[in-house]
Structure formats: structure tokens, C-alpha cells
**Q** 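Just passing along the structure, written as C-alpha cells.
The shown structure was predicted, so the numbers you read here are calculated from the model rather than taken from an experiment. Nothing fancy with the numbering, it's 1 onward along the sequence.
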Amino acid sequence: MSGLGGQRRVLVLLVLLAVLRGGYWAVASPTPSPVDEIQHVDYARSLARLEGIPTVGRDRVADEILELAKASPTYFLRSDPYPADFDDPRWRGAAVAQSYEGIQGPTYYLLIAPSYWLGRPWGMTGSFYALRIGSVVLGALALPLAWLLTRRLLPRRPGAWLVPPALLAGLNALNAGSALVSNDIVVLTGAGAAAVLLLRALERRTALAAAGAGATAAMVIVGKTTALPIIPLLALLGLPHLVRWWREDAAGAIRWTAVYAVAFGVPLAGWLAWNVWSYRAISAATVVESITGSLQPTFTPSLRTFGLDWESVRTGFSAAGGMAQPSRYGRLWEIVACGVIGTALLLAMRSRRGRDLETAGPMAWGLLAYPLTFLTVTLTFFVTLERSGLVIGRYLWVAVVPLAVALGVALHKIAGRYVVVLVLACLVPIAWAERDMTFDTLRREYERDLVGNDLAPVVDQSWNDEIGRPDTLLIDVGCVGGAQIDRYANI
């Protein structure tokens, strides 16, 4: 479909599909997720109510959010032996009551903050789900950005433009990963926005366009430090254009680059200044660790550490169930994607009509995005912490849009006018695999802690006085199997 009008209509349908898929996970995922979601919600709430960025170590999660978590039958707070009231002294030392996501920059939370008020007529529960849907919509914006990016990279091949958005619409890293209130999704969408604005600014060659592109890239990094790989990715994308411009007008290219660099540096400097003023450090990491402890295993830098990290991210692009559960088919998708792009690159470089550099360039860029992002994130841990945290799949989401563009261009290169058939051949087995994956994910998420749910059946009741307090309680629940609960032994 080459007509712009027809392509835009299809693009709208793909965006709606992504919103529906993400909306399913926003409703089906446990409320709230144990992966710091109440802290992310509190951050968005604070900005929506014009209360500012939470200060780690000082600010706490709002009582209405604690009450929502305490009332949830799937959240661990349900069974903790104290009510959802921060004035209760037993909350004071609880990490879960601290608003420690103030360590993050405000980019993501500013973008979804309006959603808080859309759901407010239905109380905190309405705001909570509205924020989730706002996050889903933010993630779905990656589809039109991928379309625009492909258009700019391949202006003479309209048949390839819709393939990357179609692939993203079927990607659980986008759909399920955007369904929780978490700033990881700003990296995925932000990388696409930064790439599109960079190419647009290089095309227009104006200071205003350069400033907008540079500031956008910086705000993505401010929003999540795992977006740092955006720097080498944008450098690889823009360098060929700058080189051509340099040959035509070196002074103009230098001025443009200077404006971009200044616009890129100002938001980063502002965020660093905020941290120095608030924490006397460039980050609140030390304060957060004093509250939460070390949340991930750490390793001494070594080749073995690189291997462990690489294994942990192999299924990162096919995660389901929010951001946690990897697909058992992740390695297969990785092999297929690399095989398709590699085959298309070979065809592009060995074409009878000469080398097809127009398609080879975007494919090579997208293929390099995956390992380049991994290396940048891992080295960031090594350099800044002198050790490595466990690099996990969602830390590589900055590479999702470039990889989708590369895969889409590769599929079009191989199939030509039959690319739709090939895309369906890719998406149908993915959808088929999701049946079992979705069931397994939800079953794990909703396995009920028998004693936990019965200990505190209402928000304002600390615990059930009739429950016994042995050191270990073994319960035979028939077909489900035995459950051993020792968490509440010392209540």
C-alpha cells in the first residue's frame, strides 16, 4: 500500500491494536505490580498535583496509594501486620512506603501525569488504571515514530514503511511492557522520537530543529539512564549526513552540531544540578540503596559477568506479563530476526544492480543496535559502580525501534511485494506462542498465598487474631500441593 492516505489509515488501526493489547495487560496484570509500581504511581501523582519531584529519603508514598496496595488480594502488603497509615510507626522503616523512585528523572511522569486527573472521578483506583492506560498510549506512539523513521530512511520504498509498526504491534515487550506504570517505556518510545527528530533536523539544517532534536534526546536519558545507548546509536545514524553536509558547507555543519550539543547538554546539566542540590551527589543511588538495599545481584567486572548479563537479556524483547516474564521462545525469535536481517544484508550487498546501500544502511544500524545497547548498558554499570548489576531485558528497550526498522526493511528486501505474507508468517506463530505464555504468566501472577490473603481481609485490619503463629506452617491444599509459609511466624 503506497498511498499516504491508505498507509495512515492502516497505521491508525495498528496503533489501536497496540493500545488494545496493552490495555488487556493493564487490566489483567495484578494491581499493583511488585516491581516498584506504587513508587512510580506516587511520582506521577506528585507531579499531577504540582507537588514536585519526590525527594528520596524525605518524601513518602501517599496514604491513598498504600491503601490501594493494602486492599489488593495479590500484593504482599495485604498480609503485613499494620494498617495502611504512614502515621503508624511500623511504616517508618518500610522501604515500600518510601517514594524512592525520585531517583529517576521526570520525563516519563510528566508525560503520563494528565492521565491521573482523567481517572480521578473514580478515586485512586481510577487514577491508577488511568495512569496505566496513559503508559500504554505512550508506548503505542512508538508505532507512528517507527513509520516516520522508516519513511525518512527509505523515502523511495513506501512498501517497507508499514512493516516496522506492524512488527511492533505484535511485540509483547511493547504491549505488555507498557501496561504498568514504569518509566522503562519512555526509553523505547523516546529512542524512536530522538531518531526521527535527528533526521528531520539534519534535513532542515536549522538551529531550531537542531535544538529540539538535541533536547529531546537528552530528556530521554534524563527519564531513564538505561537510555544512554541512544548516544552511540544517534551518532551512527547522523554521522553519514553530517559528513555529506561538511563537504558542502563545513561552517554550517559545525554551527548545527554546536547547537545540537548545547541543547543536549542543558537538560542533562539541569538534572545533575538538581541531584547535587538535593543529595550532594550526581545521583540519589546511595540514598536509595540505604532504603531498599541492593535489589539486584552484583558481580565483579569480568568476561564471565558479560556472559551472565547476555543470558539475562536474550529474551528481553519478548517479555510478557508486564516487564517480568520472559518468553520461552525468546531465543528462537532472536535467531530468526538475526537470520532475516543477515540474509537481506547479503542480498543488498550482492545485488546484480550493484550494492543497495539505501537498504543496507538501516539494516546494519538496526542490527548493531542490539549488541551496542547491551555493551553500553553493561559498561555503564562497570564504570559508574565499579561492578555490574544484573542487566535485564527491558534495559535494552532503546534498541527495539531500530531493530524493528531493520527487521522490517529486511523482510521487504526479501519478499518485495509479498512482504505482507511474510509479516503474517512471522506474527501468526508469535501470536500462537502467546496463548501458553499468557496463561502461564497470569497463573504465576495470581497464585494465591493462602495464609497471606486470609490474614488481613480488609484494609484497616492489621491481622486475623485467630491465626496461629507457629515457626513454620504446612498446609495440605489437595490438588494444588503443599504450601510452606514462614513469613508471618513472628507477627
Side-chain angles (χ1 to χ4, degrees), residues 26-27 29-104 108-109 112-113 115-135 179-183 284 287-293 295 322 445-446 448-449 451-464 487-488 490-491:
V27 174
S29 296
T31 306
S33 163
V35 189
D36 308 324
E37 190 172 21
I38 64 174
Q39 282 74 30
H40 289 294
V41 170
D42 184 70
Y43 197 148
R45 175 187 180 276
S46 181
L47 293 185
R49 299 173 72 93
L50 304 181
E51 295 172 1
I53 299 172
T55 300
V56 181
R58 184 196 70 186
D59 293 332
R60 61 180 180 84
V61 174
D63 282 346
E64 63 177 349
I65 300 176
L66 293 178
E67 290 172 1
L68 177 69
K70 183 76 171 172
S72 172
T74 60
Y75 199 65
F76 64 87
L77 284 184
R78 176 84 168 195
S79 302
D80 281 350
Y82 30 81
D85 181 0
F86 194 80
D87 291 332
D88 188 306
R90 287 169 291 188
W91 276 110
R92 301 300 168 83
V96 72
Q98 303 293 327
S99 194
Y100 53 78
E101 285 300 338
I103 188 177
Q104 312 280 5
Y108 167 77
Y109 309 97
I112 67 165
S115 303
Y116 172 86
W117 292 111
L118 292 177
R120 196 60 193 171
W122 297 274
M124 191 60 229
T125 300
S127 292
F128 182 91
Y129 281 106
L131 287 169
R132 279 189 170 183
I133 296 300
S135 190
L180 304 181
V181 183
S182 171
N183 63 338
V287 183
V288 171
E289 192 158 320
S290 70
I291 294 172
T292 65
L295 296 179
E445 296 282 5
Y446 283 96
R448 297 175 68 84
D449 182 338
V451 173
N453 287 339
D454 291 342
L455 272 173
V458 292
V459 175
D460 57 357
Q461 181 175 335
S462 296
W463 63 82
N464 188 335
R487 177 177 176 182
Y488 311 104
N490 299 315
I491 292 176

**Q** Taking all non-hydrogen atoms of both residues, which atom of Ile112 and which atom of Ala44 are closest, and how far apart?
**A** CD1-CB, 4.1 Å
**Q** Is there a donor-acceptor contact under 3.5 Å linking the side chains of Ser46 and Tyr109?
**A**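 Side chains of Ser46 and Tyr109: no pair found under 3.5 Å.
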**Q** State whether the side chain of Ser290 and the backbone N or O of Val287 hold a donor-acceptor pair below 3.5 Å, judged by distance alone.
**A** yes
**Q** Which atom names give the shortest non-hydrogen contact between Ala179 and Ala26, and what distance separates them?
**A**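 Heavy atoms of Ala179 and Ala26 come nearest at CB-N, 3.4 Å.
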**Q** What distance separates His40 NE2 from Gln104 CD, expressed to the nearest 0.5 Å?
**A** 6.0 Å
**Q** Between CD1 of Ile133 and CZ of Phe128, what distance do you get to the nearest 0.5 Å?
**A**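 Between Ile133 CD1 and Phe128 CZ, I get 11.0 Å after rounding to 0.5 Å.
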**Q** With rounding to the nearest 0.5 angstrom, report the OG to OH distance, Ser29 to Tyr129.
**A** 9.0 Å
**Q** Can you check side chain to side chain contact (heavy atoms under 4.5 Å, CB included) on Arg120 and Arg49, steps first, answer last?
**A** CA-CA 11 Å; Arg120 196 60 193 171; Arg49 299 173 72 93; 4.3 Å; yes
**Q** Quick one: are Glu51 and Asp59 in side-chain contact, heavy atoms under 4.5 Å?
**A**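 No, too far: nothing below the 4.5 Å cut-off.
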**Q** Give a yes or no on whether the backbone of Leu180 and the side-chain of Ser135 come within a donor-acceptor separation of less than 3.5 Å.
**A**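 Such a contact is found between Ser135 side chain and Leu180 backbone.
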**Q** Report the distance from atom CD of Gln39 to atom CD1 of Ile103, rounding to the nearest 0.5 Å.
**A** 12.5 Å
**Q** Do Tyr108 and Ser182 meet the criterion of a side-chain donor-acceptor pair at a distance under 3.5 Å?
**A** no
**Q** Is it true that Arg45 and Glu101 make a salt bridge, defined as a side-chain N closer than 4.0 Å to a carboxylate O?
**A** no
**Q** Would you say that Val96 contacts Val61 through its side chain, given a criterion of any heavy-atom pair below 4.5 Å between the two side chains?
**A**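 Contact flag for Val96/Val61 side chains = no.
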**Q** Specify the closest pair of heavy atoms between Ala48 and Trp117, including all atoms of both residues, with the distance to one decimal.
**A**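 That would be O-NE1, 3.0 Å.
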**Q** Give, for atom CG of Leu68 and atom OG of Ser127, the distance between the pair rounded to the nearest 0.5 Å.
**A** 10.0 Å
**Q** Which atoms form the tightest heavy-atom contact between Ile38 and Pro32, and what is the distance?
**A**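 It is CG2-CG, 3.4 Å.
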**Q** Kindly compute the distance separating CE (Met124) from CG (Asp63), expressed to the nearest 0.5 Å.
**A** 12.0 Å
**Q** Identify the heavy atoms of Tyr100 and Val56 that sit nearest to each other, and give their distance.
**A**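 Nearest pair, atom of Tyr100 first, then Val56: O-CG2, 3.6 Å.
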**Q** Between Asp42 and Arg60, which heavy-atom pair has the shortest distance, and what is it?
**A**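 Smallest interatomic distance, heavy atoms only, reads OD2-O, 3.6 Å.
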